[in-house]
Amino acid sequence: MDPNPSRRPRGKARGQSQGPLNQSGQTQGPPPNQSAQPRGPSSNQLGRPRGPQPAQPRGPPPNQLGRPRGPQPAQPRGPPPNQLGRPRGPQPAQAPPSRPQPRNMPGQSGQRQQFRSPPVEEVTSRIGSLKTGDAPMPTGRGLHRVHKPTPEYFRLERPESSKSSVGKQGAGGQPINLISNYFPITTYTDWSLYQYRVDFNPVQDRINIQRGLLSAHKDVLGAYIFDGTMLFSGQKYKPDTLELSSKRNFDDKIVIITIKFTSIIEKGNHASIQVFNLLLRRSLRNLDLALVGRNYYDEKAKINIPQHKLQLWPGYETTIGMYDSGLLLRSEISTKIMREETVLDFLKELASTRFTDPQWMEKFKAGVIGSTVLTRYNNQTYRIDDIDENSNTQSTFRKKDGSSISYVQYYKERYGIHLSSARQPMLVSKKKKSFKIEGDESELVYLIPELCTMTGITENMRKNFNLMKDLAVYTRVGPSKKISQYNNFINRILTTPKSAESLTQWNLTLSNNLVTIPGRVLAQEILQSYEKKYPAGIDADWTKYTRSIPMFTCAEIQHWAIVCPTNVIGRVKPFIQMILDVSRNMGFNLPPPQIYDVVNPKVHEYSITFEKVISAMNPSFILCFVSTTRGDYYSGIKRKLCIERSVPSQVVLTKQIEKANMSVCTKIAIQINCKLGGAPWRVVIPEKDMMIVGFDVCHDKQNINKSYGALVATMNDSHTAYFSCVQPHESGQELSSYFAMSIAKALNKYKSKNNKLPNSIIIYRDGVGDGQLSYVHGTEVDMVKKTCKDFYGGKKIGLAFVIVKKRISSRFFCKDSKFYQNPPPGTVIDSVVTDPSMYDFFLISQHVNTGTVTPTHYNVITDSLSETTKNKITPSIMQQLTYKLTHMYYNWSGTVRVPAPCQLAHKLAFLTAQSLQKPASPGLEDLLYFL
């Protein structure tokens, strides 16, 4: 058995593919997965204790779903990989044995194909509900299966508020005609499909081997689609359980294939959507594209940017789904950024500074952990979760025959790769399951730095203005060019013979015209200052009003301090005077501050100075100047003032002093006011006694198993006063109890401030994927309702729970007389491409000057607001309220992509996870100290 099971890509539409063949004709697989430790002093850095591990033979290794794949072979096998999560009891101390691969399978000779098929689109779910009698139907693909019932495709029942005569569609606003990146599917299979479960005896771990064994029986099986576990066909095989035999080419061993009928997939069943996505993936494979991770990319069309040592691979994100207007194909142009350097190159670069920088290894870890790398020998991507400094390429793992082999020898024999250095710390990736199952959740995959190409761009690269400018030429594509790319994509599918033929075989016909959608543009919002009102503007940017109009509310401040390096005091004074002048123009009476200097501007010296300042004058606010962008400076300052001393603060780079920019001074003055409880503007939300909540989660930068859930809630009718709290939780712990605890804290605070509980609550929940909807609805929402019952007793409380999704592939465009352009801010889409089973809508709240605007998707999974509100909360009002809230983020004098409470929750979670590593002092919970 190969020492590491192939990585199963997760995410969008998933289909099938086969791995490339090496020079000897063997199928190339991913790098070794050392489920146990490499030999030597290495410790298990990611998982829980592995416990004692005997060497006796065991059954076949676990697949990615942890289920046995039918009949088990009688011969002894290597031990299964140890996965993170609960210990499996007795396990071997070495990695599982390697498995020989076929050199030439039927129908695959000479072809260079991808190793592992991408999984099927999660949003179309799995075939969990399809059963024959009492036989539970396993789903997905892996090494073996256990016969347990799997969850049915999860569909929420739409809230009653979206079931009126107009449904979930709103009204009002200016009509606008839009087109989107969806292509109608004009005809598709209108007959029943037959689904079969396929088992191999002995068990075959690799899908390319499985495909080869099946392909020998094309005359019997006819046209079919196989995803590694299930086979779909338009014909009914007889008998219901069909047994076939094939010979493995590499060892002439006979393999028995059992094809068992399980169910009929009727037209419109979500399993049929799964089949359509498999067909689509097959068509993409015929376009001579390379599968990288879960998407297909055109390596031949790559764009080289040699001055930055980068390559851009254009590609496609595609999925077929059922929408309000019927079956549609969504396509989005994706760009994979490839760096020419490997992880080893990055390691050598930092190691060269080891005599001058003792933190070089920490910098290496910070630059690699959390990043995604590509292993070129099999075009697989992995997210790096840890670095094992105690193991290297000389570390060994046990093969099937009990002998040991080092990584360096393994790659030499398997791929003909000669590693240049033995002193490479191993990269560790947690290969997560495609969805949660009982027991273990992931496996450890050990990777060689020399063989891992870095992808994406780092934070330092983002700060490189010239690099980002050069990238933007290719990545920030305007609407007209986007439309052209979509049309080229669909024409490429329809005109490539093999691609078109695979669709025709299954009666799948794609239109080459993008779908048209009726949209609406909501009216401009009117913002209120202390004594004036002003419009948000066509582009939703009101910066020009903020410098000369008094803010809505201004905090009172008696004493505040400046802490800065000694060598910049002379330049700080005129800069501070400019801030004071700007503040007066905005009605904010900011007194002159006390200035304290730091002779030796180190983190420790800043800490000592803070203690001195607080002891001397107990300031309401500290403005701190630093000359470096190093994260440890910022984190050290924030930990001192947010956790230990509970003083609102703002950190400013000294280079801002040189600019003496009026815009910078205006933003600093606004931030000081907001962090002390003031508000620069507001929008009118008519409904009274409503608490609006935002919630988001961020992972700890140093501890990958720890996350922070941040909640921010409004505390008054103008929605300008806030309460915030953060709850840490470990990986594997239920988030719902912490979420409910935060809601309870917010209700207590609201009652203490207003002498009553809110009449209604709206929760905007960010950070939820499609696969988590059932958990959020069945657990988090229920916990919130139970918490409300504890506070309200038998009294009704109006509650809406809205899932906010930013990472989406939908794009919308409008057209003037000649060109396509981005829709204006306030554009709402609530038909045609929305989900018929959801109360959902898209909202474009921002204006972008370059590139293509990205909408935000909102899914209202529960809504009982109208039971307690004075005015009925219709879909129109829900859309308008959401748009209003995008105007209330005070760090930007314009609209943002999500409602302000949601954006604030993200800021709080990010600050805590990246800098504080623990919740801030309760003394700051009423202030936007994290803004």
Side-chain angles (χ1 to χ4, degrees), residues 123 155-163 166-173 178 180 321 323-324 330 517 519-522 525 540 683 685 687 690 692-696 712 760-770 772-773 776-777 780-781 784 798-812 823 825-846 853-866 873-889 895-906:
V123 76
R155 284 291 183 181
L156 298 176
E157 184 177 354
R158 276 170 49 174
E160 291 297 325
S161 56
S162 67
K163 295 181 180 179
V166 296
K168 61 185 176 184
Q169 295 185 29
L178 304 170
S180 186
Y323 300 91
D324 276 317
R330 183 184 67 217
I517 305 168
R520 292 177 293 113
V521 181
L522 302 180
E525 286 296 325
V683 294
I685 296 176
E687 188 64 37
M690 174 182 286
I692 302 175
V693 177
F695 186 85
D696 201 359
V712 175
S760 56
I761 304 172
I762 299 181
I763 299 173
Y764 288 95
R765 171 73 158 92
D766 202 350
V768 178
D770 289 331
Q772 297 172 300
L773 283 177
V776 172
H777 185 267
E780 290 187 11
V781 174
V784 170
L799 175 67
F801 202 105
V802 185
I803 303 297
V804 181
K805 195 173 180 181
K806 302 189 295 291
R807 296 180 180 180
I808 60 175
S809 299
S810 300
R811 299 292 184 269
F812 301 97
T827 299
V828 174
I829 300 94
D830 54 13
S831 64
V832 181
V833 295
T834 47
D835 192 310
S837 68
M838 294 181 180
Y839 173 10
D840 64 331
F841 61 92
F842 294 92
L843 173 63
I844 296 172
S845 55
Q846 290 180 294
V853 68
T854 303
T856 302
H857 182 254
Y858 297 90
N859 178 15
V860 185
I861 61 176
T862 188
D863 178 17
S864 60
L865 291 175
S866 296
I873 307 298
T874 62
S876 296
I877 294 178
M878 180 65 76
Q879 294 166 4
Q880 292 169 18
L881 172 62
T882 301
Y883 184 50
K884 284 176 177 287
L885 291 171
T886 63
H887 295 69
M888 294 287 285
Y889 182 64
T895 50
V896 290
R897 279 193 63 192
V898 298
C902 207
Q903 182 69 18
L904 291 170
H906 171 74

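The residues of the chain are indexed from 1 along the displayed sequence. Basis for what follows: all heavy atoms, side chains included, without hydrogens, waters or symmetry-related copies. Quick caveat, the model's predicted, so the values are computed rather than measured.
In plain terms, the two heavy atoms of V853 and P855 that are nearest each other are O-CD, 3.8 Å. Summarising the geometry of P159 relative to S162, their closest heavy-atom pair is O-OG, 2.8 Å, with the distance given to 0.1 Å.
With a 4.5 Å cut-off on side-chain heavy atoms, E157 and K163 count as touching. For the pair V804 and V768, the minimum side-chain heavy-atom distance is 4.5 Å or more. Looking at I877 and Q879, their side chains never come closer than 4.5 Å, going by heavy atoms from C-beta outward. Taking 4.5 Å as the limit, every side-chain heavy atom of D840 sits out of range of all side-chain heavy atoms of V860. Side-chain contact between I763 and V784: present, with at least one pair of heavy atoms (C-beta onward) separated by less than 4.5 Å. For the pair F812/V833, a side-chain contact is recorded, criterion being any heavy-atom separation below 4.5 Å from C-beta on. For the pair M690 and I761, the minimum side-chain heavy-atom distance is 4.5 Å or more. For the pair V693/V712, no side-chain contact is recorded, criterion being any heavy-atom separation below 4.5 Å from C-beta on.
For the atom pair CD (Q169) and CD1 (I829), the distance works out to 12.0 Å, reported to the nearest 0.5 Å. To the nearest 0.5 Å, atoms CE (M888) and CG (L904) are separated by 9.5 Å. Here the OG1-CD1 distance, from T895 to I844, works out to 11.0 Å after rounding to the nearest 0.5 Å. Atom CG in D766 sits 4.0 Å away from atom SG in C902 (nearest 0.5 Å). Here the straight-line distance linking atom CD of Q880 with atom OG1 of T882 works out to 10.0 Å at 0.5 Å rounding. With rounding to the nearest 0.5 angstrom, the NZ atom of K168 is 8.0 Å from the CG atom of D830.
Applying the ring-ring contact (aromatic ring centres under 6.0 Å, His included) rule to H906 yields no partners; only residues at least two apart in sequence or on another chain are considered. For F695, the ring-ring contact (aromatic ring centres under 6.0 Å, His included) partners are F739, not counting sequence neighbours. Not a single salt bridge (charged side-chain N to carboxylate O under 4.0 Å, His left out) links E687 to another residue, sequence neighbours left out. Applying the salt bridge (charged side-chain N to carboxylate O under 4.0 Å, His left out) test to D863 and every residue at least two apart in sequence or in another chain returns nothing. Applying the ring-ring contact (aromatic ring centres under 6.0 Å, His included) test to Y764 and every residue at least two apart in sequence or in another chain returns nothing. Shown here are the ring-ring contact (aromatic ring centres under 6.0 Å, His included) partners of Y323, two or more places apart in sequence or in another chain: Y182.
The closest donor-acceptor contact from the side chain of T886 to the backbone of S845 lies at 3.5 Å or more, if one exists at all. The backbone N or O of A171 lies less than 3.5 Å from a partner atom in the side chain of S876, making a donor-acceptor pair. With R158 contributing its side chain and P836 its backbone, the two residues share a donor-acceptor pair below 3.5 Å. In terms of modelled atom types and a separation under 3.5 Å, the side chain of S180 and the main chain of R811 share a donor-acceptor contact. Of the possible donor and acceptor atoms, one in the side chain of S866 sits under 3.5 Å from a partner among the backbone N and O of I873. Formation of a donor-acceptor pair under 3.5 Å by the R330 side chain with backbone atoms of S809 is not found in this model. Between the side chain of T856 and the main chain of K806, no donor-acceptor pair closer than 3.5 Å is present.
No side-chain donor-acceptor contact under 3.5 Å links R897 and Q903. D324 and T834 share a side-chain donor-acceptor pair at under 3.5 Å.
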Applying side-chain contact (heavy atoms from CB on, under 4.5 Å) to L885 and I692, what does each step give before you reach the verdict?
CA-CA 9 Å; L885 291 171; I692 302 175; 3.8 Å; yes

Given side-chain contact (heavy atoms from CB on, under 4.5 Å), test M878 with L865 step by step and report yes or no.
CA-CA 10 Å; M878 180 65 76; L865 291 175; 3.8 Å; yes

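A ring pair (Phe, Tyr, Trp, His ring centres under 6.0 Å) with Y858 holds for exactly one of F841, F801, Y839, F842; it is F841.
Ionic pairing of D696 and R765 is not present here: no N-O contact between side-chain nitrogen and carboxylate oxygen is shorter than 4.0 angstrom.
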